2 protein chains.
Amino acid sequence: MLNKTRLYDLLDFINRYCDENGFPPTVRDICKEMSIKSTATAYDYINRLKEMGLLNKTENKKRAVSVTRSDSVRVPLIGTVTAGQPIFATENYDGYYALPSAEFRGDGLFLLRVQGESMIDAGIFDGDKIVVQKQSDAENGDIVVAMFDDGISEGATVKRFYRREGKIVLHPENATMQDFVLEEESGVVILGKVVGLLRSFS
Amino acid sequence: MLNKTRLYDLLDFINRYCDENGFPPTVRDICKEMSIKSTATAYDYINRLKEMGLLNKTENKKRAVSVTRSDSVRVPLIGTVTAGQPIFATENYDGYYALPSAEFRGDGLFLLRVQGESMIDAGIFDGDKIVVQKQSDAENGDIVVAMFDDGISEGATVKRFYRREGKIVLHPENATMQDFVLEEESGVVILGKVVGLLRSFS
DNA sequence: AAAAAGTTAGAACATTTGTTTGCGTTTTTG
DNA sequence: CAAAAACGCAAACAAATGTTCTAACTTTTT
């Protein structure tokens, strides 16, 4: 049996190569890197990795290998949401962010910039970006992004969600702030559940 | 002048194609998608985009186009660091994580899992992953990862860094905890400065 | 309307690159 | 130890794909 380390080395190389160049290596590139003297050997290696399910490969195409584990998810940043005073989430499409798929998977993810201090006790600070999983309902204790229009103000906000005695409670994680208590039928819309957070100290 | 919209459509297509397949399209793939009847035309388009700096392309190579904006950085997760009791950072290489290059750039980045509550007031919670920029010095107020060996205990820890009166102060951001005060020559080693944070609510 | 510039097409060409075959060499197996 | 399997190599082949050329067509300019 061929030394498995070598196969994983190859996998690493393919990954590195893709990162650096934006496209996969050829069989001959692999030869050079791995000090393999024949393209047939490299070709073999590739097929092993394919059988092991670690590599995708389309036959007869040039540079058509790709590492199975796509290690990042592209998630759109769609605007800012205020955690304090509810202001309408600006639906600015602000480009895509790559997040590690080891942490975040599935469809319907998006990012929102957080403005305000209302979730500070939950470790969500002003300026953080939250990763939101799109869903229209939530369970008690979830941190959610919710939109409401109670006639006075409207907008999106980040709060911890509770359903209590037929009412919806949006609870800011900040000792100095009050809960929002709303009727079920008051037009509260859950946009999604907060599943992650990204912060960068400038 | 050729309709620019069409060029941007092409750029979008290349992006989409790469996302879906893990490798870039060929000139002929582009023809099909854009309803272009000649490879020469598609070839032209590619060169325009290259001149505009929106596309990288290596000559004579197959599938060797790549969209300029490389949107993610690969950062290794190298272990766990305790924010409370200093325990040695397990140098487990735990694979690479993709982080958005819009937020994190440059070399010498790594990730550490945080254990403990000592930085809770700075919004760094137990289980968070911190993004660390490798550097051997720090400025007052920086949050750093530091190693020390004072004879009693040794290990790595996350603390806010101050240099005061010839001593080094490692300040936990947790009201219930004490500062570590160390001599300059006591063998404190700054591993890096915390520049970001990644959290995923399980 | 004529000329010029820009754009597309079709075909041929040049190269890169995936794939196959057969033969030594090494390692495992009985 | 012999047979078999696994492995690696070189060379040749075939296909995919980048590149170039010239002519036709379209739009803009004079």
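In what follows, every chain begins at residue 1, and chains take the letters A, B, ... in the order their sequences are listed. These figures come from a predicted structure and were not determined experimentally.
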Go through [options] for me and flag the one nearest to the [X] side chain.
| X | options | result |
| --- | --- | --- |
| B:D44 | D:dG18, C:dT8, C:dG10 | C:dT8 |
| B:S38 | D:dC9, C:dA11, C:dA9 | C:dA9 |
| B:A40 | C:dG18, D:dG18, C:dA9 | C:dA9 |
| A:T41 | C:dT20, D:dG8, C:dG18 | D:dG8 |
| B:K57 | D:dA10, D:dC7, D:dT19 | D:dT19 |

Checklist entry - By salt bridge (charged side-chain N to carboxylate O under 4.0 Å, His left out), which residues pair with A:R105, not counting sequence neighbours? => result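 Per chain and number, A:R105 pairs via salt bridge (charged side-chain N to carboxylate O under 4.0 Å, His left out) with no residue.
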
From [atom1] of [X] over to [atom2] of [N], roughly how many Å is that when rounded to an integer?
| X | N | atom1 | atom2 | answer |
| --- | --- | --- | --- | --- |
| B:K50 | D:dG18 | NZ | P | 13 Å |
| A:Y43 | D:dC9 | OH | C1' | 16 Å |
| B:L55 | D:dG18 | CG | C1' | 14 Å |
| B:I14 | D:dG18 | CD1 | P | 11 Å |
| B:Y45 | D:dG18 | OH | C1' | 18 Å |
| A:I36 | D:dC9 | CD1 | P | 7 Å |
| B:I46 | D:dT20 | CD1 | C1' | 15 Å |
| B:R6 | C:dT7 | CZ | P | 12 Å |

Item to check | Side-chain heavy-atom pair A:Y17, A:D29 within 4.5 angstrom cut-off | outcome: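 In short, these two side chains touch, coming nearer than 4.5 Å.
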
Item to check | A:V114 side chain near A:L197 side chain, heavy-atom distance below 4.5 Å | outcome: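 When only atoms from C-beta onward are counted, A:L197 and A:V114 do not touch, as no gap falls below 4.5 Å.
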
Next on the checklist: Could you write out DNA chain D as dot-bracket? Rules: Watson-Crick or G-U wobble, both distances under 3.5 Å, brackets [ ] for crossings, | for pairs with another strand, dot for unpaired.
Outcome noted: ||||||||||||||||||||||||||||||

Next on the checklist: Less than 4.0 angstrom between a side-chain N/O of A:R48 and OP1 or OP2 of D:dC7, yes or no?
Outcome noted: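 It does, given that an N or O in the side chain of A:R48 lies less than 4.0 Å from OP1 or OP2 of D:dC7.
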
Next on the checklist: Pick the closest DNA chain C nucleotide for A:T39 and for B:T39 by heavy atoms, then say which residue is nearer the 5' end.
Outcome noted: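 Result: B:T39.
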
Checklist entry - Should the pair A:D137-A:R163 be classified as a salt bridge under the 4.0 Å nitrogen-to-oxygen rule? => result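 Looking at A:R163 together with A:D137, the answer is yes, because their closest N to O distance falls below 4.0 Å.
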
Next on the checklist: Please give me the minimum heavy-atom distance between B:I120 and B:F125, naming the atom from each residue.
Outcome noted: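 Shortest heavy-atom separation between B:I120 and B:F125 comes out as O-CE1, 3.7 Å.
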
Checklist entry - Which pair of heavy atoms, one from A:D126 and one from A:G116, lies closest together, and at what distance? => result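 Heavy-atom minimum between the residues: OD1-N, 2.6 Å.
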
Item to check | Within 6.0 angstrom of A:N140 CG, more than 12 heavy atoms from elsewhere | outcome: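 Enclosed: over 12 neighbouring heavy atoms sit under 6.0 Å from CG of A:N140.
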
Checklist entry - A:K37 or B:N47: which one's nearest nucleotide on DNA chain D is closer to the 5' end? => result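 It is A:K37 whose nearest nucleotide is closer to the 5' end.
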
